[in-house]
There are 2 protein chains.
Amino acid sequence: MSTATVSRVLHNNGYVSAESRQRVEEALRESGYRLNVVAQELRRRKTMSLGLILHGAMSNPFVAQVAFGAAQAAAEQGFNVLFFNARGDAEREHESVEALLRRRVDGVVFTTAVSRANVELALEAGITAVEIERRLCPGAASVVVDNYAGATEATEHLIGLGHRRIGYIGEPIAGTAPADDAQSVVRERFTAYRDALQRAGQPPEDSWIVAGPYPREQGGWGGVETGASYMERLLRQAPGLTAVVAASDMLAAGALQSLYREGRRVPDELSIVGFDDTFAKHLAPALTTVRQPMFEMGFKAISLAIGFIDGGRHSAVAEHCATELIVRSSTAPPP
Amino acid sequence: MSTATVSRVLHNNGYVSAESRQRVEEALRESGYRLNVVAQELRRRKTMSLGLILHGAMSNPFVAQVAFGAAQAAAEQGFNVLFFNARGDAEREHESVEALLRRRVDGVVFTTAVSRANVELALEAGITAVEIERRLCPGAASVVVDNYAGATEATEHLIGLGHRRIGYIGEPIAGTAPADDAQSVVRERFTAYRDALQRAGQPPEDSWIVAGPYPREQGGWGGVETGASYMERLLRQAPGLTAVVAASDMLAAGALQSLYREGRRVPDELSIVGFDDTFAKHLAPALTTVRQPMFEMGFKAISLAIGFIDGGRHSAVAEHCATELIVRSSTAPPP
DNA sequence: CTGTTAGCGCGTTCAC
DNA sequence: GTGAACGCGCTAACAG
């Protein structure tokens, strides 16, 4: 029995007589043989593994879902995923990419990449790179969600219920950054809100909007305290509002807290809609929100990467994921 | 220049003249050389990588935190982590372990293992195995949290506030299973509650307890709807209660929802305490709960595994993590 | 101090 | 149909 024959039965290729196959399979069972994938990788110069770099705002369920989607897509196609948490730091992100490159992964997906140079690093090394949520590098493929459409749907839902005086709480909107930068998600959500109101013949007044500044927390997301304090400000400066769109579930949760403290009933006195659909379902009242298909995003990103690996050519496609409005119990017609 | 010399400067070992070192480093920079870790692994017969198997109840933040803790511990020690989601299925868990074994990981950590045979598989292959949260295999090391102490603290917190009529909502308690089985976490929490009340001279009546049955969801956790319906039952069958301990944040969130619907104020009319500290902080009112150190559990599990790998001997230690009561706004003295 | 050598375990020629 | 031989890129042992 030669190793070549064994290799042939293991992979079902080449010619091998039924009898030999029989004998080899027998021997494999008895010897408790287990294929050594690292030798295989070395020889094939292909590792069937992908890097997943993300930024764990520890309190943010978003990344967890993406990771699970990624893991599932990879598993279904026989790939492995190497997990790195760069915690929003460009230096750590860089080190993660280097480590992945040393390990000869076939591709890396960035969930909310921090530095464009890091994704270019992967590209230059000749492997495929996919960006999730934030487009930093024009050469990489990406999976993004249409924040504008999502926020439009949220606002129009409120308008459809009869609301006109609708407030907004969200992340600070940086001035004039280009369309595909890091700020785009927050700006898109805000713009969609403003445009929708405008279309309804009720452009928002300045006092209806509270968006920053606030101290950015780990990972760059507004926390629940932020939401509460924004809501309080909004109540003071625009008491006539009948509904509020929040740029994230986290912010909405904070808003709900401050409203609860004040004894104001949701949705009876005020409607609230969130964004993300992370723990929206668990709040009291259950929060109407715009679902981001986080699992699907992770899934698609990995599938895209694998497609490029198997298929050869790497193009900079941008895959769009649709959001979905989930109506629960925090929205109702105005009082 | 021979490859051996290069290897020596790369790893700072062996003798090498300052001049040679200079020249090699120069050449490395210019050639854009990058170490091939897979060849290194093959040669060293050590991969510096660990498998992380977990069961993503997609809605459960618990596993995400564990994963982040694991990733950080691994990164700090120069290890990589291979990420698998077995989704509570023994067969998928088995396949994950096999894949990891083929890839010659140095160890695998199971977050809430499903099948004892699977962790034994790893052990038999001669690598270290660590179990988180659930002890299934006496031969493996484990990281567990003292659920009894945590639930005791929660209940005594309520007692200390002056409550006596304290209810309980939780997962169904299986009859007579042994101490280290899959059911132990839910049983410990319940027992602690009962014992604490007993010590306070107020043993709970049957009507104060609602624990199952309910349809188990993905991953085996009670969902928010479960919490709501349990709370409603509790309100009906034991209207005199002034406080409730919930076996998880999820259940507590459901309880809060049904209370909100009924218009009953928390904590003014009724106090609630949860368990886990996942999204407790985001609820309205912010939930008093028992924090499980999820991040630390992942961190410790990986550290344990690495310790065994470097240190040589593998003992079946059980590392205990302390819980911590986080008092927020859902508990107050009885009305 | 440095180079030569011999594998690690596999997949792929290329003869037989 | 099958086996012998080579090399993927690296490290460890030993000579020099």
Taking atom P of C/dT12 as reference, at what distance in whole Å does atom CG of A/N12 sit? 14 Å
Which listed nucleotide (D/dT11, C/dG11, C/dG3) is nearest to the side chain of B/S2? C/dG3
Can you measure B/L42 atom CG to D/dC8 atom P for me and round it to whole angstrom units? 13 Å
Whole angstrom value for the distance that separates C1' of C/dT12 from CZ of A/R45: 11 Å
Step-by-step side chain to side chain donor-acceptor pair (under 3.5 Å) determination, A/E133 to A/T112: CA-CA 6 Å; A/E133 207 203 357; A/T112 323; 3.1 Å; yes
Just one of A/F84, A/F83, A/F79 clears the ring pair (Phe, Tyr, Trp, His ring centres under 6.0 Å) bar with B/F83, so which one? A/F83
So which one's nearest nucleotide on DNA chain D is more toward 5', B/Y33 or B/R8? B/Y33
Of the candidate nucleotides D/dC10, D/dT2, C/dC10, which contains the atom at the shortest distance from the side chain of A/S17? D/dT2
Does a nitrogen or oxygen in the side chain of B/T3 sit under 4.0 Å from OP1 or OP2 of D/dT11? no
Closest of D/dC8, C/dG11, D/dT11 to the A/S7 side chain is C/dG11
For A/R104 and C/dC10, what is the distance between atoms CZ and C1' respectively, to the nearest whole Å? 18 Å
Of the candidate nucleotides D/dC10, D/dT2, C/dG11, which contains the atom at the shortest distance from the side chain of B/N36? D/dC10
Any side-chain heavy-atom pair of B/R116 and B/E131 under 4.5 Å: no
Contact check, side chains of A/L50 and A/V108, non-hydrogen atoms, under 4.5 Å: no
Want to settle it: does B/V16 or A/L35 sit nearer the 5' end of DNA chain C, counting the closest nucleotide to each? B/V16
Atom pair distance, as rounded to whole Å: CE in B/M48 and P in C/dC8: 22 Å
Atom CG of A/N13 and atom P of D/dG1: how far apart are they, to the nearest Å? 14 Å
Which sits closer to the 5' end of DNA chain C, B/R21 or A/Q40, going by the nucleotide each is nearest to? B/R21
In this structure, how many angstroms lie between the P atom of C/dT13 and the OH atom of A/Y15, rounded? 14 Å
State whether the side chain of B/R104 and the backbone N or O of B/L101 hold a donor-acceptor pair below 3.5 Å, judged by distance alone. yes
Atom pair distance, as rounded to whole Å: CD in A/E41 and C1' in C/dC8: 14 Å
